[in-house]
Structures are given as structure tokens and as C-alpha cells.
Amino acid sequence: MKGKIGMILILCFVIFALLANFTVSREDLDNWNNANYWVNNPKLAYPTWLCPLYKKTPTIEAEVFNGTFVYEHKFRDRPNDILFYIHDGTKIVEIKVIRPDGRIVIFKGKARNNIISLNSDMREAIISQLHIPMEKAMLKTSTFLLFSKIPDLDVLNGRYIFIVSGAEKVKVLGNCYGFLGTDRFGRDMWVGFILGMNNTLILTALVVGLTLLLGITVGIASMYSEIINWMLEVLTALPVFPFLLILTWLIATQGVGYNVRVSPLEFSMIFSLLTFGKFAKTVRMISLKERAMEYVRASMAIGGGETWVLKKHIMPKVLEFSIRHVTFLVPRTIALISIFGFFGLSPGINWGTYIIEAMNEGALYGGYWWWIIAPIIAMGVISLGFAMLSEELPKS
Amino acid sequence: MKVPWRGLSKIMGIYLVAVLVTIIIAGAAGAKLAKNYASEALGYIKATNPEFYNTLKENATKMGISVEEYYYRLILSRVSKSDNVLSIGIGMLKKSREYLHNTPNLNIGEAVKVTIIIISISLILIVLSGVYIGLKFRGSKSIDIISRFFVGIPSWWLGTIFIIILAVKLDLIPLGNAKISPSYYIFATLVLVFIHAWEIASYVSHESIKELKQPYINAEKAKGVPENIILWRHVLKNISIALSSITFQKFSDIFIDFIAVDVLFGLGGLGSLLKRSFIREIDPPYGIVVQFNYHLSFVVTFIMILLFMAFSMGIEVIKGILDPRVSTNER
């Protein structure tokens, strides 16, 4: 029963991992580290599913009909920004805003990159036409000021009418965005989580594959050679962590500018080389034990060679152990890769890098706990799944 | 009790080779660092001091090599007479020692102290709680599953949950203080104990069942010896030899998890120093930028090797005390 639950958990995770990739675009994934790409997103936004609870302004996109856009504001906070998408950037655009209190703000100007932003382009018009004292306006964004009562700057709820010439689309950047919100660069954290998941799973598959290959080969070889056995002893004595960091830095190449790139295959090879020692030593022990069995010695006595013993007696036992060991190796490798990600020097981002980046931006102490909840749940599910599945497998 | 000299000398040999590997890696890293520096510095010299650049170029032409190669060799000559990695490694590590002496705010002694104290206390608590749980729930399958579950759980995972619940939601840990709160050390230790105690518990839980089926235990039971005394005096004593080997294997896992917990709670141990040696930032025009502090990184690596060696030797001595066969074999 426990094994079945484990299998269901792992299957659910695999299906989730496949489906989740359809929710993000390739472009978003490729630009995760390009802070300029996310500049139009709201900064430090809450996840959309948390918005009703905290009464935060959601992000909405709408078409502009007959040059008019009506926006009903009924939240505790103000929008992050409002963007007007203009179809002809060469022409002068006029935007007239009628606030719920009847005050009017009129802006005339040219769009930059076919976008007019309330924060970047309309600041002067808003401050001067709403007669807001400079000392009050100084540290506030123009969107904040437009959605505030005058003069106490409390939030002003009600109907806002935007009369815009030449705009086809408008985007109200709220304080809610996507499934996991955004960070201070405006990056969609859901994209980071998916990217981290993909990289973590790819690296884990490579590391587990290489560890099994190295562990079985070297483990059996060490049965015949004391030098190989000695090398295994040295390998298990090395502190994995700093060596992994330094060796990864050694294979890292500098891309455009100072951008650091690490090859996933080379990284996985180093990772496996430094961590396969314990597994290889266990394989050696199993092989030695099997070789000392009476039936194996009897088979050798009647002419069975080393290859025969290896093929017919040792390998089945080693493979049986290896299959069971995979249920240990997969979650352990994910955990180790994520810890290594804490130090940043790994190919792309993984769940560790994602977590440390989120923490550097105050995910924990700033109260943005939803950034980190997704990898926590995912790792918990994977680990529990494999733990329960291992119960079903035959004990070696 | 006899000192297990053979075992100790084997460990010394293993760690000597580990040190040699470290020196070779230090040499390779030093050579890469010098190459990077030479290529960056030459661009700067060419722009700001063309006269000096021309002198370098003339000397390089005389030797029949490129100016980059000449400048690279010039830089390396300050640390090593030859250009093989072993010699460069020794030269660079000597420089790291100077760095250690000349950097005032490094406080490496404090970092080592914090690391040793937290890992030692965690290790003692892991063994004690693991043995207690294992003996209490003998043969329990649930302990196995919990143990396997925590194999795939990194320390930051549990540490993060601790912080979210205890600091953010319940306000039990002070946040944002410049000085580390003593409660951080306690929580870091608890995280390590909570993750690693289960594996010991699982081992004790199974081995105690096997041991309890031995004929001598039945004899003790027949004599009327209470179960607790049988468990602690006989069962535990017999499984303690293998337990010491498992504890040694766990040491490297605990050390890795300590590094992450140290960074998470900002304890100022060797993990924090290692983190300081690799600074990773997002620089919008470039992407990911990593700054590598060579000297700090290798200083931390060497200290870790020494700690690993000291711990291995300690375990070997403990094995000698627990297992009379070790002492017998030494004769």
C-alpha cells in the first residue's frame, strides 16, 4: 500500500512537471536572469490567489474601446503602474484622466517604445494638475498619487475614466501577478520555479546515471585492485562541498560580459566523481560478500571463470541493490544540488539558487513566504514518494 | 585500551593524498586565475600605459611567445618557479596563508569554533536521540519511511519552515538584528538533529531486533535481567561498533547540511566563510556574475580537510575502545 502511494506521488509530480512547462513560454525561461526583460511587470507583487485575501489590486489587461477605458478601483492598495500601448509612437498622444472625485489630469506627449507609463511619463502632469505639495509627492510614484485623496493621500476608490487617443491596449499593473508573484526586478517567480525544477531534474538524472555507472564499474573493479580501493578511500575522505565549488569554478566559462556559464554535463561529471565513492564502496562490499558465498566458490571450482561469476552471481545482486539505491539517490541528489545551488555556481538555476535569490530579496524576513513554498512542497512530495516507494522494493 | 596505530596511519595516508589532491586543484585554480587576470590586466595596460605594454610585447617577441602568455608567466613567477600545477598550488597556498594573516576581519578562529561547537553538539544529540527512538520503536516501518524521507530533505528546507513558522508567523525568533540571536544556534542545531537522527534511529531499530534474537539475550532474559538493562548494556554495546562507522559516514552529510544552515541563519561558521568566497549576483546588463575569492576558498577547504581528518581519527580511536578486535589486530 505504502509503495503504491509512493508511486502515485511520484507519478503526480511527473505529470505536474510536464504540465507546468506548458504554462510558461520559452522566451520567459530564457530571460530569467535578464532583469531588463521583466521591467514592465509589477514589482514585489503578491500571487493572484492570495489577492482576494489581502484585498490587493490585481493585474488586468484590457482593450481600449472608442478611446475610453473605465477602471473601477476597490482595493486597499493602489496599482503599481498603468501602461498604455500606443499603435503609432511618432504621434503626440493625449490622455485625459477623470478621477472619482471629479478632478481631471491631462497629459500630452510622445510614447517611448510605443508605451506610455503612468509612472515614467505622467509624473509632472499628475503632481502639478492635482496640486500636490512637493514634499508629499517626493517619495511616491505618480500612480500612487493619482489613486490617492488630496491632500491626505489616503487611497481613493471609485471609477477612473481614461480617455486616450491612439491607444489600443491598456495594462493595469496591480500588486498581484501570476501564481507565485514577482520579485523586485518584476520577475515572475513561477517561471523561476519551473526553470529551477527543470534544471534540478535534468542535473539529477545526469548525476544519478553517472553515479550508478561509476559506482558499479569502480566498485566491482576495486574488488580486484587495492589501488582502486585506496582511491575510493581518498575520494570519500575529501570534503565534497568546497571541492565541488572550486572545480565548478574551474570549468566555468565567462560568456558575454562577465556572465558565468557552467556546462550541465561537466558539472554532473564532477558532482558524480566526488559523490559516487560511498555507493562504490557498498557495491564492493556486496560483490566481496557474494564472491565468498559457497555456491559461487563451488561454481568456480567446477570451472566457472571470473566473467561467469560476475555475470551470473555478482551483477544480479549489485543491480538489485542499485535499483533500490536509486530511490535513495534521486531525492538525496536533489537535496545536494539544491544545497550547492545556495552557492550559485551551478548550471542555470536550480531550486537552491531560486531559494537563495528569493531569500536575498527578503522572501523570508520580508514575509514573501509564497516564493519559497513551491519548491518546499515539490521537494517534500518527491522525497516522500521515493521514501514510500522504497518500502515496496525487495530488501538487499 | 590499545591505540589502533594501523588504522590511524591508514587515515593519515588517506588524508595526505587528499591534501595532495587539494594542492593540485589549488594549482589548477591558481593558473586559471592568473590567466584571467593577465588577459584583463593587459587590456587595461594597453589603454593606460602603452609604453609598458610595448616593453612587455618586445620581451614576449624575444621569447617567441604571445604577450598574454608572457604576462601570465610573469604573474606566475611571483608565486612559483616552475609552471607545473603542484608548484603553483604550493605557491598559491603560501599566499593564502599570508592572506589569512593579513586580513583583519576574517575571524577564522571564530568560524571554526562555531562550526565545531554546532556540529559536535548536533552529532551527540543525533546519536542520542537516534538511539533512543530506535530502541523505543524497535522494528518500526514508519521510522524507515521517515528516515528515507529526510534523506531527500536538505537542511535549508527545514530551516526555512522553522523561520516561516517561528520567526515570521509566531514571532519567536528576533528578525533583522545585526547581532546573531542565540536562538539561531539552537534552531540550526535542531534542524540538523531533526534531519539526521532518523537514519540512526532506523539502523538501531532494525539491528536491536536482530540482536534481541541472539541466544545470549534469551539467557539473560531467563536469568530475569530487566529489558532496559539488556537493551542498554548488551544490545546497544554490540551494535555500537557499526554505529560508530555509520556516525562517521553521517559526519560528511551533517557537514554539508551545516554549511547550508550556517548560510541560512547567518551563524558565521565555515559555511558563511565559504559563501563569502563565492559572491553571485545578478547584474542586469551581463546576467550572472560570480566573484571568486581564491585564498578564502582554499583556507576554508584546508580547515575542512583537517576537521574531517581529526574526526576520522577520533572515530578510529573510539572503535578501538568499543571493539576489542581492533586492539587485538594491532598486536
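Chain letters run A, B, ... following the sequence lines, proteins first and then strands; every chain starts at 1. Side chains are part of it too, since the values below use all heavy atoms of this structure and drop only hydrogens, waters and symmetry mates.
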B/S252 versus chain A, the contacting section by heavy-atom distance below 4.5 Å: side chain
Chain A contact via B/S147 - which portion, at a heavy-atom distance below 4.5 Å: neither
Nearest non-hydrogen partners of [X] and [Y], listed with the distance:
| X | Y | answer |
| --- | --- | --- |
| A/V234 | B/A18 | CG1-N, 4.1 Å |
| B/I153 | A/G380 | CD1-CA, 4.2 Å |
| B/R148 | A/S383 | O-OG, 4.0 Å |
| A/A387 | B/I145 | CB-O, 3.6 Å |
| B/W156 | A/I376 | CZ3-CG1, 4.2 Å |

field: A/I372 vs B/I164, side-chain contact (heavy atoms from CB on, under 4.5 Å): CA-CA, chis, key distance, verdict
entry: CA-CA 10 Å; A/I372 47 180; B/I164 289 175; 3.9 Å; yes
Is it the side chain or the backbone of [X] that comes within 4.5 Å of chain B heavy atoms, both, or neither?
| X | value |
| --- | --- |
| A/I355 | side chain |
| A/L384 | both |
| A/L336 | side chain |
| A/L247 | side chain |
| A/T333 | neither |
| A/F386 | neither |

field: Verdict with supporting geometry, A/I356 and B/V263, side-chain contact (heavy atoms from CB on, under 4.5 Å)
entry: CA-CA 9 Å; A/I356 201 73; B/V263 173; 4.1 Å; yes
Select, from [options], the one with the greatest count of heavy-atom pairs under 4.5 Å involving chain A.
| options | result |
| --- | --- |
| B/G13, B/A31, B/G271 | B/G13 |
| B/L33, B/V21, B/I146 | B/L33 |
| B/L270, B/L307, B/D253 | B/D253 |

- prompt: Going from CD1 on A/I339 to CH2 on B/W157, what distance comes out if it is rounded to the nearest 0.5 angstrom?
  reply: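 Going from the CD1 atom of A/I339 to the CH2 atom of B/W157 covers 13.0 Å.
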Residues, nucleotides or ligands: over 12 heavy atoms within 6.0 Å of [X] [atom1]:
| X | atom1 | answer |
| --- | --- | --- |
| B/F194 | CZ | no |
| A/I227 | CD1 | no |
| B/M309 | CE | yes |
| A/Y54 | OH | yes |

task: Give a yes or no answer on whether the side chain of A/R332 reaches the backbone of B/V151 with a donor-acceptor pair at less than 3.5 Å.
output: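 Here the side-chain-to-backbone pair exists.
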Worked check of side-chain contact (heavy atoms from CB on, under 4.5 Å) between B/I305 and A/F243: CA-CA 11 Å; B/I305 289 177; A/F243 273 93; 4.0 Å; yes
message: Checking B/F255 against A/V240 for the side-chain contact (heavy atoms from CB on, under 4.5 Å) test, could you report, in this order, the C-alpha distance in whole Å, the side-chain angles of both residues, the deciding distance, and whether it holds?
response: CA-CA 10 Å; B/F255 210 105; A/V240 173; over 6 Å; no
